[in-house]
Enquirer: 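This structure is in structure tokens; I'll ask about it shortly.
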Amino acid sequence: MNELTDGVNNSIETYRALREAYQATNVIRPMRINRYEAGDELVYKVIGVCPASEATLKLVVERFVGGGFAGQVYRA
């Protein structure tokens, strides 16, 4: 913590409201997400190797497990 964040209660609802407000501005540059929270939905388009079939992968984050040198770890 530092002098800017001491005593600040950052709620998941606040982060989600800020994300929605950013997306509503239709800025071309995508918003950089530093961390996902429980309930966040991630959707990816994927292509198989053999056969090269296309599919949509939809994941819902259950919880943030931890992070470190290799990146962030989630249970989805």
Side-chain angles (χ1 to χ4, degrees):
M1 293 187 113
N2 62 38
E3 61 187 30
L4 297 175
T5 59
D6 287 346
V8 175
N9 184 9
N10 296 322
S11 69
I12 294 171
E13 293 80 22
T14 301
Y15 289 126
R16 288 190 179 142
L18 289 170
R19 188 181 309 167
E20 289 173 10
Y22 182 87
Q23 291 169 347
T25 64
N26 295 320
V27 174
I28 294 172
R29 182 178 181 172
M31 181 175 174
R32 184 175 176 189
I33 305 295
N34 291 329
R35 175 177 160 169
Y36 296 104
E37 300 293 341
D40 284 349
E41 189 175 282
L42 309 173
V43 179
Y44 300 98
K45 292 188 186 252
V46 295
I47 300 175
V49 175
C50 186
S53 302
E54 293 184 11
T56 300
L57 180 64
K58 180 177 170 182
L59 304 167
V60 176
V61 175
E62 289 182 10
R63 69 185 185 99
F64 175 74
V65 178
F69 177 76
Q72 296 179 356
V73 181
Y74 298 92
R75 180 176 178 172

Enquirer: Please go through Y22's hydrophobic cluster and name the other residues, only I, L, V, M, F, W, Y counting, with side-chain heavy atoms under 4.5 Å joining them.
Expert: V27, M31, I33, Y36, L42, Y44, V46, L57, L59, V61, F64, Y74
Enquirer: Between R35 and Q72, which heavy-atom pair has the shortest distance, and what is it?
Expert: CA-OE1, 3.6 Å
Enquirer: State which residues pass salt bridge (Lys or Arg N to Asp or Glu O under 4.0 Å) with E41; sequence neighbours excluded, sorted by chain then number.
Expert: K58
Enquirer: Could you tell me the separation between the CZ atom of R19 and the CD1 atom of I12, rounded to the nearest 0.5 Å?
Expert: 10.0 Å
